[in-house]
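Some notes on the structure that comes next.
Keep in mind that this is a model prediction, so the values were computed, not measured. Letters A, B, ... mirror the listed sequences (proteins, then strands); counts begin at 1.
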Amino acid sequence: MKETSWNDIKEAIYMLVQLVPIGKVVSYSAIAKVLGISPRTVARALVQNPMPIIVPCHRVIMKNRNLGGYTPRNPQFKRKLLEIEGVAFENSKVSRTSIYDKELWHKLDLSL
DNA sequence: ATTTGCTCAGCTC
DNA sequence: GAGCTGAGCAAAT
């Protein structure tokens, strides 16, 4: 089998992020575990992001329910955007009910 | 609830 | 070839 190509990992991440429904969010570790990589690699891939249009980075958050980095330029905008999508917020944090991580793993037959 | 340390991978020198 | 930084995570206090 081919080694985990950097470009391939990015592709997988984009696919997973696009697979997340509106009003829901996924954490870096979720994608990282699914791909068998470290959460930092996922973040790194999102930073590289050749196609930001197909990769809604704003839909990817930390496992701590925090928004993560994304863009320290307009953090308010990101929260608002997610809120419009239908994501429930809890005092500057994403509500656990809007987390799609577990569902994602289950969808991939990983079972955690 | 808050603080500290660790880990993994890519990027730079 | 070696070292550094980082869009995080987990554990300890």
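- Rounded to an integer number of Å, the gap from CH2 of W6(A) to C1' of dC8(B) is 11 Å.
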Quiz item: Between I61(A) and N66(A), does a side-chain contact (heavy atoms from CB on, under 4.5 Å) hold up when you go through it step by step?
Solution: CA-CA 6 Å; I61(A) 59 156; N66(A) 203 12; over 6 Å; no
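- When the nucleotides dC9(C), dA9(B), dA7(C) are ranked by their closest atom to the side chain of A43(A), dA7(C) comes out on top.
- Summarising the local packing, CD of E83(A) is surrounded by more than 12 heavy atoms from other residues, nucleotides or ligands at distances under 6.0 Å.
- Nucleotide dA7(C): unpaired (no Watson-Crick or G-U wobble partner with both distances less than 3.5 Å).
- Regarding contacts with the backbone of dC8(B), every side-chain N or O of T41(A) stays at 4.0 angstrom or more from both OP1 and OP2.
- Distance, N64(A) CG to dA12(C) C1': 15 Å, rounded to whole Å.
- You'll find that the side chain of M62(A) is closest to dG8(C), out of dG6(C), dG8(C), dC8(B).
- By the criterion of side-chain heavy atoms lying less than 4.5 angstrom apart, applied directly or through intervening Ile, Leu, Val, Met, Phe, Trp or Tyr residues, L108(A) is grouped together with I9(A) in one hydrophobic cluster.
- Pair check for dA1(B) finds dT13(C); Watson-Crick or G-U wobble, both atom distances under 3.5 Å.
- Atom CZ in R40(A) sits roughly 12 Å away from atom P in dA10(C) (whole-Å rounding).
- K63(A) has its NZ atom 15 Å from the C1' atom of dT7(B), to the nearest Å.
- Picking from dC9(C), dA7(C), dA9(B) the nucleotide with the shortest atom distance to the side chain of L46(A) gives dA7(C).
- Side chains of S98(A) and S95(A): a donor-acceptor N/O pair is absent below 3.5 angstrom, by distance only.
- If you measure from atom CD1 of I13(A) to atom P of dG8(C), you get 14 Å, rounded to the nearest angstrom.
- Remark: P of dG8(C) and CG of L67(A) are 11 Å apart, rounded to the nearest angstrom.
- Rounding to whole angstrom units, CD of residue E90(A) and P of dA1(B) are separated by 11 Å.
- Atom CG of D8(A) and atom P of dA9(B) are 15 Å apart (whole Å).
- No salt bridge links E103(A) with K24(A); every basic N to acidic carboxylate O contact stays at or beyond 4.0 Å.
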